[in-house]
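Structure, as structure tokens:
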Amino acid sequence: MNQTHLRESEIKMVGVPLKTPPSSHTDHDDDHDHGHALSWRDINRVLFVAAAAGAIWFLGGGSNRYITAIGVVCTLVGGFPIFHEAYENIIQRRMTMELSMTIAIVAALAIREVFTALVITLFVLGAEILEGLTVGRGRRAIQRLIDLLPRTATVRERGEWKDVGTGQISVGDEVLVRPGARVPVDGEVVGGHSFVDQAPITGESMPVEKAVGALVYAGTINQSGALEVRVEHLGRDTTFGKIIEAVERAEKSRAPIQGIADRLAGYLVYFALAAAAITFLITHNTRSTISVVIVAGACGIAAGTPLAILGAIGRAAQDGAIIKGGLYLEKLADVDTILLDKTGTLTYGIPEVMEIRPATGVTTESLLKAAAIAESQSEHPVAKAILTKASQMDIHFRSPDRFDYTPGRGIVAEIDGEEIAVGNWMHFRDEGLTGAAAMQGTSDGAVLVTRGGHLLGSIRVADLLRPEAKAAIRNLKSMGLKTILLTGDSRKVAEPVGKGLGVDEILAELLPEQKLQRVEELLAQGRKVVMVGDGINDAPALARATVGVAMGSGTDVARESADIVLIGSDLTKLVETVRIARRCHRTIMQNFVGTLVVDSIGVGLAAFGFLNPLLAAFIHVSSEMTFILNSARLLPPVSSANRFVRGLLAHSPAATN
């Protein structure tokens, strides 16, 4: 029925300024504190109307003109917020329940039913208070959110630690996080050892050990030892800030189902007015006509739908998944196919050299040195594994004079006029390199190395599977989703991984454009596709899929291209996010069907005289709150670990009717 309205000055946050929630209301909302924390003005208004209704009832209702006049005045004074909003709805040509209830109240007063008018007013005011308590926590919730990040931080300056405002911190600075303090930034641990409570960000129930090289997130709590953290992200760029942006984006870009809810709410109001007109023409019974107007309500749909969406987004954020808007949540509930990249998604993406197999007459050192020369300028995980192995074996080399990389195939480099090629056999075939035919079928997924046109041997690099991957695939399949593995690796590498995980289909040796092509083929078949990936080569497919999901450990390009980001790179979070999306959709459908059933039955009973205005008002308010509370079940449970997500949801308006 109402929206939270928070002024810009009230919702500034150190390092992460929040934007004013979009609202169709204007500054008049502050006059009656709609949609935010319960105020004494709200309470006094309800008490005033209740007292007036009691007095009118005690004095015999509208038994004489003086009592009637007093009742009219009390109704107008107590119901001013309702009438004021109804007036604005007329100006804006919007049909809302405030307007329909105003019509009912005025009609009751017109036939001297002052007690009925007062009770209807009391029900509406009470419903607004209950809705405010359920949907909009307002300023108190925003304050809890602001309090999560410290306003000061201890920064190293010229070799000494100094306390400064968080607004003075820059990327690259080193901050000291003492035991018991909240981490003010996203960054890498460069000193110290501790355990950090990451539940507010990643949903992990147990504290996570942090040592040098580990990442920490803003808003998490350092529990034991002191940590020195190099700043990598500040303010809106932190994971904490991204969660805030996700909620803001959900407010701005309304999901299609929210538009349907708004239209349905409007149609129900017109239906109620039309039914009331027909009732009066047939029965000429004013009380039945008023009851028809009163009983039909769509507030449960209009307020409950965005509440369910925002609640689901908040619960997903608590569980470690940032959904960038209600649109993607709605789409996710309807998907039927999951495409999964292998490296970095199903595996850790940090392969290791498992075996070095030199050709006859070639030493292990010369093979590894040639591979390291060619890979020295590459950022590919396989290159890093080869370079790490060369370093461990104390093999020295220099960078090549020329370097060419073909995604999904391999590298051709040149040093001192001699060509070195590293890649799979298809790379040698496509590039017309010496010995391609002989190499086919001999690599069993290993990296082949040639120098000067001579085969030096192969290096087998393996990537460890994520321990949760198999369970995640099993759970996705149990939900009726088809799982497909997409990878640029050879089929000999991909098949053992895919079969071990139990995916339905394996597509190997794919270039980035071929991954995109496969997504487009599935979409053309009418399938609704989720693409899960982590690398630059996954970005086109992520952007084209029905819903793109990026691993939190992936590249910036992948995270920006995706619609959902898994903060902790845990595939079980994807499973839970799909479940949340489906639950959200079920909840909204329950509200839709429930509202239609209640309104249809209520209008029928009222038209035939089985409901008086008071009982109609009670049914209206009760059904509305039932559907709003049904949506509220999606809100994350309140606990010390996730209260901030609750605060994020609480500052977001539910929606107007």
Side-chain angles (χ1 to χ4, degrees), residues 188 213 232 341-344 347-358 362-436 439 443 445-463 487-490 493 509-513 515 533-540 553-558:
E188 179 183 353
E232 293 185 350
D341 176 48
K342 183 182 76 69
T343 304
T347 66
Y348 280 108
I350 309 176
E352 297 181 356
V353 173
M354 306 301 292
E355 185 179 4
I356 302 174
R357 294 177 292 196
V362 179
T363 64
T364 299
E365 289 75 12
S366 61
L367 167 60
L368 191 57
K369 182 176 181 178
I373 291 172
E375 299 280 12
S376 61
Q377 295 184 0
S378 173
E379 293 296 325
H380 194 280
V382 171
K384 294 180 180 180
I386 291 174
L387 295 175
T388 299
K389 187 65 175 179
S391 177
Q392 292 171 352
M393 294 180 62
D394 198 27
I395 295 175
H396 301 284
F397 56 89
R398 64 182 180 86
S399 298
D401 303 321
R402 180 175 63 85
F403 173 89
D404 292 315
Y405 170 58
T406 303
R409 292 290 193 264
I411 292 170
V412 175
E414 185 177 300
I415 185 169
D416 297 332
E418 191 174 37
E419 188 175 79
I420 300 176
V422 179
N424 55 37
W425 75 266
M426 292 182 298
H427 176 58
F428 288 84
R429 178 197 64 190
D430 296 344
E431 294 294 326
L433 299 172
T434 303
M439 296 171 191
S443 66
V447 174
L448 297 168
V449 182
T450 66
R451 184 166 187 169
H454 300 289
L455 177 65
L456 299 184
S458 64
I459 301 173
R460 189 167 68 87
V461 179
D463 190 2
T487 179
D489 284 338
S490 68
V493 172
E509 302 172 357
L510 298 179
L511 297 173
E513 57 268 25
K515 290 184 179 181
D534 76 315
I536 294 175
N537 61 341
D538 299 318
S553 59
T555 63
D556 290 340
V557 173

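The first residue of the sequence shown is numbered 1, and numbering continues consecutively from there.
The closest side-chain heavy-atom distance from I459 to K389 is not below 4.5 Å. When side chains are defined from C-beta on, D416 counts as touching R398, because their heavy atoms get closer than 4.5 Å. With contacts defined as side-chain heavy-atom distances shorter than 4.5 Å, the pair D341/K515 qualifies.
From M393, atom CE reaches atom CD of E365 across 4.5 Å, with rounding to the nearest 0.5 Å. Expressed to the nearest 0.5 Å, how far NZ of K369 lies from NE2 of H396 amounts to 9.5 Å. For the atom pair CZ of R460 and CD1 of I356, the computed distance is 11.5 Å after rounding to the nearest 0.5 Å.
Considering T363, L448, I420, L367 as possible partners of L456, the one that fulfils the side chain to side chain contact (heavy atoms under 4.5 Å, CB included) test is L367. Considering E414, E418, E419 in turn, E418 is the only one that fulfils the salt bridge (charged side-chain N to carboxylate O under 4.0 Å, His left out) rule with R451.
Closest approach of G410 to Y405, counting heavy atoms only: O-CD1, 3.5 Å. Of all the heavy atoms in T450 and L455, the pair that sits closest is CG2-CA, 4.0 Å. Here the shortest heavy-atom pairing between Q377 and P400 reads NE2-O, 3.8 Å. When all heavy atoms of T364 and P358 are compared, the pair lying nearest together is OG1-CG, 3.9 Å. Contact detail for I411 and S378: the closest heavy-atom pair is CD1-CB, 3.7 Å. Between A385 and V461, the shortest heavy-atom distance links the atoms CB-CG1, 4.0 Å.
Under the 3.5 Å distance criterion, the side-chain polar atoms of S376 are left unmatched by any main-chain donor or acceptor of S399. Remark: the backbone N or O of L387 is not paired with any side-chain donor or acceptor of S391 at under 3.5 angstrom.
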Requested in this report: Report the C-alpha distance between V412 and R402 in whole Å, list the side-chain angles of each, state the deciding distance to 0.1 Å, and finish with yes or no for side-chain contact (heavy atoms from CB on, under 4.5 Å).
Outcome: CA-CA 8 Å; V412 175; R402 180 175 63 85; 4.0 Å; yes

